[in-house]
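For ligands, and for the atoms within them, numbers begin at 1 and follow the listed sequence. Side chains are part of it too, since the values below use all heavy atoms of this structure and drop only hydrogens, waters and symmetry mates.
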Amino acid sequence: ALKGPADRPLAGKRALVTAGPTFEPIDPVRGITNRSSGKQGFAIAEALAQLGAEVTLIAGPVFLPTPRGVTRIDVETARQMLAACQAALPADVGVFVAAVADWRVDEAFGTKLKKEKGGPPALTFVENPDILATVSATGPHRPQLVVGFAAETNDVEMHARAKLSRKGCDWIIANDVTEPGVMGGEDNAVLLVTQEATERWDRAPKDEVARAIARKIAEALA
Ligand code: CTP
Ligand code: CA
């Protein structure tokens with residue numbers, strides 16, 4: 001069927017999406033990372049593109065195909081993800097789905113650590129930049145709509161609301177990762193938390209949740 005403007009409400013809009021985990025090296029063969037399949041972020045990138053947006057997807061290490069019509073940039077570390085986000089601005093909307101490692105080893109070792117060299121290494125960690133908070137505070141290039149995610153295990157709405165104000169974003173989409181089958185699974189059950197209200201969405205497959213989020217974004221940017 002022919003597509004009209006009503007099918008592509010995000011035509012002419014630019015979207016930035018982060019997805020997947022980040023990987024922070026310890027030495028050339030080891031590192032620390034977060035659990036994230038990347039599925040929800042990739043599905044959101046695809047859904048935004050289907051509504052006509054020009055989408056840049058900044059992905060940590062995941063084994064997922066690039067969604068149709070999406071420009072993908074692969075990164076490993078949080079600092080690389082931040083730099084790629086800043087290079088992708090300006091954008092009308094930023095959706096920060098990535099499970100960014102909160103900490104990295106302060107100085108990664110240039111050569112492989114060996115077991116026999118005096119027992120386990122004492123690693124010191126430093127905090128990674130907060131990509132969502134940094135982009136939320138990006139003066140004139142701040143996207144009109146900045147959306148963060150939160151995976152919580154308890155008091156989901158309370159933690160989401162605290163994150164909304166701490167990060168300076170417009171929406172937090174929160175999910176309870178103790179729900180069976182959510183982490184790495186096909187379904188998601190989310191709360192959409194804005195300054196004004198909380199919406200509790202029914203559990204649905206991640207691609208359906210993604211399409212609902214994309215429609216909501218289109219309404220907000222209209
Ligand atoms: N986020 C980010 N950069 C970071 C950490 C988090 O962009 N260094 C983003 C995530 O992509 C997500 C949101 O911030 O959209 C919330 O992530 P979360 O890990 O829940 O928040 P934190 O502030 O790291 O709090 P917590 O102590 O619960 O991990
Ligand atoms: Ca975190």
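- By the 4.5 Å heavy-atom criterion applied to side chains, L123 and I26 are counted as neighbours.
- At most 12 non-hydrogen atoms from other residues, nucleotides or ligands lie less than 6.0 angstrom from CZ of R200.
- At under 3.5 Å, a nitrogen or oxygen of I131, whether backbone or side chain, sits near a nitrogen or oxygen of ligand 1.
- Looking at ligand 1, you'll find an N or O of F149 within less than 3.5 Å of one of its N or O atoms.
- A donor-acceptor pair is defined here as one N or O able to donate and one able to accept, closer than 3.5 Å; no such pair exists between the side chain of N175 and the backbone of N188.
- Distances from ligand 1 to the non-hydrogen atoms of R166 include at least one value under 4.0 Å.
- The distance from atom CD1 of I73 to atom CG of L57, rounded to the nearest 0.5 Å, is 8.5 Å.
- For the pair K167 and ligand 1, the shortest N or O to N or O distance falls below 3.5 Å.
- Using a 3.5 Å distance cut-off with no hydrogens or angles, the side chains of E157 and T198 do pair a donor with an acceptor.
- Atom 29 (O) of ligand 1 lies below 4.0 Å from at least one non-hydrogen atom of the protein.
- The contact set between ligand 1 and G148, taken as ligand atoms under 4.0 Å from a residue heavy atom, comprises 15 (O).
- Geometrically, ligand 1 and L132 share a nitrogen or oxygen pair separated by less than 3.5 Å.
- Between V100 and N34, the shortest heavy-atom contact is O-ND2, 3.1 Å.
- Counting only distance, with no hydrogens or angles, the side chain of R211 and the backbone of A47 share no donor-acceptor pair below 3.5 Å.
- Of the possible donor and acceptor atoms, one in the side chain of R14 sits under 3.5 Å from a partner among the backbone N and O of P90.
- For atom 24 (O) of ligand 1, the closest non-hydrogen atom on the protein side is D102 OD1, 3.0 Å.
- Taking any N or O of F96, backbone or side chain, at least one lies under 3.5 Å from an N or O belonging to ligand 1.
- Looking from atom 8 (N) of ligand 1 to the surrounding protein, the closest heavy atom is P129 O, 2.8 Å.
- At least one N or O atom of K163 sits closer than 3.5 Å to an N or O atom of ligand 1.
- Shortest contact from atom 10 (C) of ligand 1 to any protein heavy atom: A98 O, 3.4 Å.
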